[in-house]
Student: 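Sending over a structure as structure tokens; questions will come in a sec.
As a basis for the values below, the full set of heavy atoms in this structure was taken, side chains included, without hydrogen atoms, waters or symmetry mates. Order of appearance sets the numbers: ligands from 1, and atoms from 1 within every ligand.
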Amino acid sequence: MDWFAKWFNTPYYHILYKNRNEEEAQEFIINLIKYLSLPIDSKILDLACGKGRHSIFLNKLGYNVTGVDLATKSIEEAKIQENEKLHFFVGDMRETNFPNEFNAILNLFTSFGYFSDDADNLKVYQSVYEQLKPQGIFVMDFMNASLAETNLVEKEDKEVDGILFHLQRKTENDFIIKDIHFSDNGEDFHFQERVKAFKLDYFENLAKIVGFKLKRVFGDYQLNEFDSKRSPRLILIFEK
Ligand SMILES: C[S@@+](CC[C@H](N)C(=O)[O-])C[C@H]1O[C@@H](n2cnc3c(N)ncnc32)[C@H](O)[C@@H]1O
């Protein structure tokens, strides 16, 4: 089984990252909506939505939102929040198929770069393109891989909810790899995250192949300009 199909569906993934900054996520959405001037009747797809933190907030703002994720457990939990303008589905971003359905598609918080075969990345871009209405917007929020590589912390221990996670990071064949070791209830666990360290030019090329126009590149959730040496994020705004 691929690492991402396994790890994201365990309770341990949610424990390790439970202190994610919700306020920051909401601030990003507010900034994005303002920049995009997205009309309130827009239909939005949150691709790789996890438990739906961005979807739920967008829906609270009044938008019609669909969230899709591969992790069945996350979608089960997100579904509790469903309403007539908020829906969640289990699905693979390589295969989601709602042709010509959305005004905007979001892929947030480094939910890309997981596949071992680069052809799958193109599949995602093609599928996103087909699901957008004409002039639809695709937002990709990826890590700034250059900065992540420069600042790579090789070893780190993190205790969350009484579990001591041992994290080890390295780069290998263009992937940033995080090994996660811990014990729980007397059992030893090992999971791995593998994210390909794509830079801006890779996304520009994918966009060109598919037919997207790259409109803007931001470097953080406050939507400051991207600077490969300093920006924490690489946020790309594409238009169909
Ligand atoms: C880093 S998390 C981000 C989740 C969410 N966007 C957020 O910000 O909370 C990455 C998510 O991508 C999902 N994912 C990984 N591979 C996927 C795929 N092939 N199709 C759909 N979702 C996928 C995982 O299950 C996980 O929920």
Student: When you compare the side chains of Ser74 and His14, does any donor N or O come within less than 3.5 Å of an acceptor on the partner?
Tutor: yes
Student: Is there a polar contact, in the sense of an N or O pair closer than 3.5 Å, between Leu70 and ligand 1?
Tutor: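 Yes, at least one N or O pair falls under 3.5 Å.
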Student: Kindly confirm or rule out a cation-pi arrangement of Lys79 over Phe89, judged by NZ or CZ under 6.0 Å from the six-membered ring centre and within 45° of its axis?
Tutor: yes
Student: By number and element, which atoms of ligand 1 are closer than 4.0 Å to a non-hydrogen atom of Gly91?
Tutor: 20 (N), 21 (C)
Student: Please work out, at 4.0 Å between heavy atoms, whether the side chain, the backbone, both, or neither of Tyr13 comes within that distance of ligand 1.
Tutor: side chain
Student: Please work out whether any backbone atom (N, CA, C, O) or any side-chain heavy atom from C-beta onward of Ala25 is under 4.0 Å from ligand 1, and answer side chain, backbone, both or neither.
Tutor: neither
Student: Run the salt-bridge test on Lys133 and Glu101 with the 4.0 Å N-O cut-off and return the result as yes or no.
Tutor: no
Student: For atom 26 (C) of ligand 1, state which one of Asp2, Asp141, Asp69 supplies the nearest heavy atom.
Tutor: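 Comparing heavy atoms across Asp2, Asp141, Asp69, the nearest one to atom 26 (C) of ligand 1 lies in Asp69.
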Student: Any donor and acceptor pair, going by atom type alone, linking the side chain of Ser231 with main-chain N or O of Ser228 inside 3.5 Å?
Tutor: no
Student: Side chain, backbone, both or neither: which part of Lys51 comes within less than 4.0 Å of ligand 1 when only heavy atoms are counted?
Tutor: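 Neither; nothing of Lys51 gets under 4.0 Å from ligand 1.
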Student: Taking only heavy atoms of Cys49 into account, list the atoms of ligand 1 that are under 4.0 Å away from them.
Tutor: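 Matching atoms, with element in brackets: 5 (C).
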Student: Does Arg53, backbone or side chain, put an N or O under 3.5 Å from an N or O of ligand 1?
Tutor: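 Among all N and O atoms of Arg53, at least one is under 3.5 Å from an N or O of ligand 1.
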Student: Does atom CG of Asn173 have more than 12 heavy-atom neighbours from other groups under 6.0 Å away?
Tutor: no
Student: Any N or O of Arg94 that comes nearer than 3.5 Å to an N or O of ligand 1?
Tutor: no
Student: Going by side-chain contact (heavy atoms from CB on, under 4.5 Å), Lys178 matches just one of Lys170, Gln192, Arg169. Which one?
Tutor: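 Exactly one pass, corresponding to Arg169.
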Student: Considering only heavy atoms of Ala48, which atoms of ligand 1 have at least one such atom less than 4.0 Å away?
Tutor: 4 (C), 5 (C), 6 (N), 12 (O), 13 (C), 22 (N)
Student: Any Lys/Arg nitrogen of Glu76 or Lys73 sitting under 4.0 Å from an Asp/Glu carboxylate oxygen of the other?
Tutor: no
Student: Nearest to atom 19 (N) of ligand 1, what protein heavy atom do you find, and at what distance?
Tutor: Asp92 OD1, 3.1 Å
Student: Just jot down the ligand 1 atoms closer than 4.0 angstrom to any heavy atom of Leu108, in number order.
Tutor: 6 (N)
Student: May I ask whether Ala5 places a heavy atom under 4.0 Å from ligand 1?
Tutor: no
Student: When you measure from atom 17 (C) of ligand 1 to every protein heavy atom, which one gives the shortest distance, and what is it?
Tutor: Met93 CE, 3.6 Å
Student: Which option, Gly50, Gly113, Ser111, owns the non-hydrogen atom nearest atom 3 (C) of ligand 1?
Tutor: Ser111
Student: Is Ser74 in contact with ligand 1, taking contact as a heavy-atom separation below 4.0 Å?
Tutor: no
Student: Under 3.5 Å, N or O to N or O, is Phe115 touching ligand 1 that way?
Tutor: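 In fact, backbone or side chain, Phe115 has no N or O that close.
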Student: At a 4.0 Å threshold, what atoms of ligand 1 neighbour a non-hydrogen atom of Ala71?
Tutor: 25 (O)
Student: Are Lys240 and Tyr129 in a cation-pi setup, meaning NZ or CZ lies under 6.0 angstrom from the ring centre and within 45 degrees of the ring axis?
Tutor: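 Yes, cation above the ring, under 6.0 Å and within 45°.
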Student: Distance to the ring centre below 6.0 angstrom and angle to the axis at most 45 degrees; does that hold for Arg233 and Phe28?
Tutor: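 No.
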Student: According to the interplanar angle, ranging from 0 to 90°, do the rings of Tyr17 and Trp7 count as parallel (below 30°), tilted (30 to 60°) or perpendicular (above 60°)?
Tutor: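 The arrangement is perpendicular - the two ring planes meet at more than 60°.
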Student: Taking a hydrophobic cluster as the set of Ile, Leu, Val, Met, Phe, Trp and Tyr residues connected by side-chain heavy atoms closer than 4.5 Å, whether directly or through intermediates, do Phe138 and Leu38 fall within one such cluster?
Tutor: no
Student: Closest by any non-hydrogen atom to atom 1 (C) of ligand 1: pick that one out of Phe28, Tyr17, Phe4, Phe109.
Tutor: Phe109
Student: Would Asp92 and Arg94 pass as an ion pair if we require N to O under 4.0 Å?
Tutor: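 Salt bridge present between Asp92 and Arg94.
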